Amino acid sequence: MFAELISGKELAQRKRIEMKEETKLLKQDGITPGLAVILVGEDPASQSYVKGKQRACEEVGIHSELDKLPVDTTEEELLHKVTALNEAEHIHGILVQLPLPDHISEKAVIDAILPEKDVDGFHPINIGRMMVGQESFLPCTPFGIVEMIKSKRIPIEGKHVVIIGRSNIVGKPVGQLLLNEHATVTYCHSRTKNMKEITKQADILIVAVGREEMVGEEFIKPGAVVIDVGVNRNSEGKLVGDVKFDEAKKVASYLTPVPGGVGPMTITMLLHNTVESAKRREK
Ligand code: NAP
């Protein structure tokens, strides 16, 4: 058996074409969706993520603006900036690129963003709304993963989903979203015992650990759907996931590649949330 690939790149492209049409219609009503990105410091990876997000905004007709702040910006100055953007009429989404320098509390900054402009879906109010199944901004990576699974019409209801990883931005929320879709969800993490015995029961296995090719075929039930969230650079400088692609390909029914899998969908769901925020404001 050879797994069918779920290309996040292709799905993202299709969604961005649809979004471009939506922003055109909004513009006819005098509304241009606007995203403000705040970047503190000079971290090269963060700079490259921010560039990617800005390029994607441009592609679908979202106005984007970047506030580049020096690494010694104080928490108070950053909170001041967030407050100004909360009040800015032309801004529908605010994204503070993480990680922040150690002297700034990420929690304080995320809490300061208006939930109605929290297009990253990290604000506790949006997380709480997601938990109880109310309208909210869904965190972009988990949202993108669910869209990828649905794009192949893979049944979720009643299926056993096993997630390796329990971070607040990926593992925990993706489990909650799939629970909302009536899956039976199990979490594994660094303290889990006999992990392979658990992952081998998964109909859908989601791996979000951040360890280069940790998951081989011995973790995977034949025919399972495998979603690889990990992004790691190997010793040759090549991007690889948390899953051994060549092994998983032989046992899984569906598999996401790295790169070209979950990554492009994360940015696309950020664009989606920004357009959605502009539409909600219009209403
Ligand atoms: P994170 O906050 O570091 O969380 C990693 C999780 O993996 C933790 O829950 C940790 O368990 C668990 N873990 C670590 N070692 C383990 C082991 N040996 N066995 C089992 N579980 C283990 O990472 P994250 O932010 O969720 O990101 C995970 C990966 O996804 C990273 O490679 C990241 O770059 C990537 N990512 C990709 C995208 C995208 O758009 N493609 C978006 C976000 C993240 P404990 O909780 O017990 O410590």
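Computed from a predicted structure; not experimentally measured. In each ligand, atom 1 is the first atom listed, and ligand 1 is the first ligand listed.
- At a 4.0 Å cut-off, not a single heavy atom of M265 sits close enough to ligand 1 to count as contact.
- Side-chain polar atoms of H272 and E147 form no donor-acceptor pair below 3.5 angstrom.
- Nearest non-hydrogen protein atom to atom 8 (C) of ligand 1 is R166 N, 4.0 Å.
- With values rounded to the nearest 0.5 angstrom, I227 atom CD1 is found 13.0 Å from D242 atom CG.
- Here the heavy atom of the protein found nearest to atom 43 (C) of ligand 1 is V170 CG2, 3.7 Å.
- Among V240, T266, D242, the residue whose heavy atom lies closest to atom 40 (O) of ligand 1 is T266.
- Nearest to atom 31 (C) of ligand 1 by heavy atom, out of P259, G210, G8, P142, is G210.
- In terms of protein heavy-atom proximity, atom 14 (C) of ligand 1 is nearest to V209 CG1, 3.5 Å.
- Ligand 1 places these atoms under 4.0 Å from at least one heavy atom of G263: 40 (O), 41 (N).
- Atom CD of E58 is separated from atom NE2 of H63 by 11.5 Å, given to the nearest 0.5 angstrom.
- Nearest protein heavy-atom neighbour of atom 34 (O) of ligand 1: V231 O, 3.7 Å.
- Contact of the L138 side chain with the V146 side chain is not registered, since no non-hydrogen atoms from C-beta on lie closer than 4.5 Å.
- Residues L5 and S7 form no side-chain contact, since every pair of their non-hydrogen atoms from C-beta on lies 4.5 Å or further apart.
- Numbered from 1 in the order shown, with element, the atoms of ligand 1 that lie under 4.0 Å from a heavy atom of I164 read 20 (C), 21 (N).
- Judged purely by atom type and a 3.5 angstrom limit, R281 uses its side chain to pair as donor or acceptor with the backbone of I91.
- When side chains are defined from C-beta on, V174 counts as touching L178, because their heavy atoms get closer than 4.5 Å.
- For atom 15 (N) of ligand 1, the nearest non-hydrogen atom from the set R211, H189, E212 belongs to R211.
- The residue among S190, A208, G171 with a heavy atom at the shortest distance from atom 6 (C) of ligand 1 is A208.
- Regarding atom 17 (C) of ligand 1, its nearest protein heavy-atom neighbour is M214 SD, 4.0 Å.
- In terms of protein heavy atoms, atom 2 (O) of ligand 1 is closest to S167 CB, 3.3 Å.
- Summarising the geometry, atom CE belonging to M130 is positioned 9.5 Å from atom CG belonging to N126; distances are rounded to the nearest 0.5 Å.
- In the vicinity of G165, heavy-atom distances shorter than 4.0 Å reach the ligand 1 atoms 6 (C), 7 (O), 9 (O).
- One finds no salt bridge joining E217 and K250 here, because no Lys/Arg side-chain nitrogen approaches an Asp/Glu carboxylate oxygen to under 4.0 Å.
- Contacts with ligand 1 closer than 4.0 Å are made by side-chain heavy atoms of I169 only, the backbone lying farther away.
- Between E276 and H92 the shortest side-chain heavy-atom distance does not fall below 4.5 Å.
- Heavy atoms of other residues, nucleotides or ligands lying less than 6.0 angstrom from NZ of K221 number more than 12.
- What sits closest to atom 42 (C) of ligand 1 on the protein, heavy atoms only, is T141 OG1, 3.3 Å.
- Every atom of ligand 1 is numbered from 1 in the order shown, and the set under 4.0 Å from a heavy atom of M195 is 19 (N), 20 (C).
- If you check which protein heavy atom lies closest to atom 36 (N) of ligand 1, you get V229 O, 3.7 Å.
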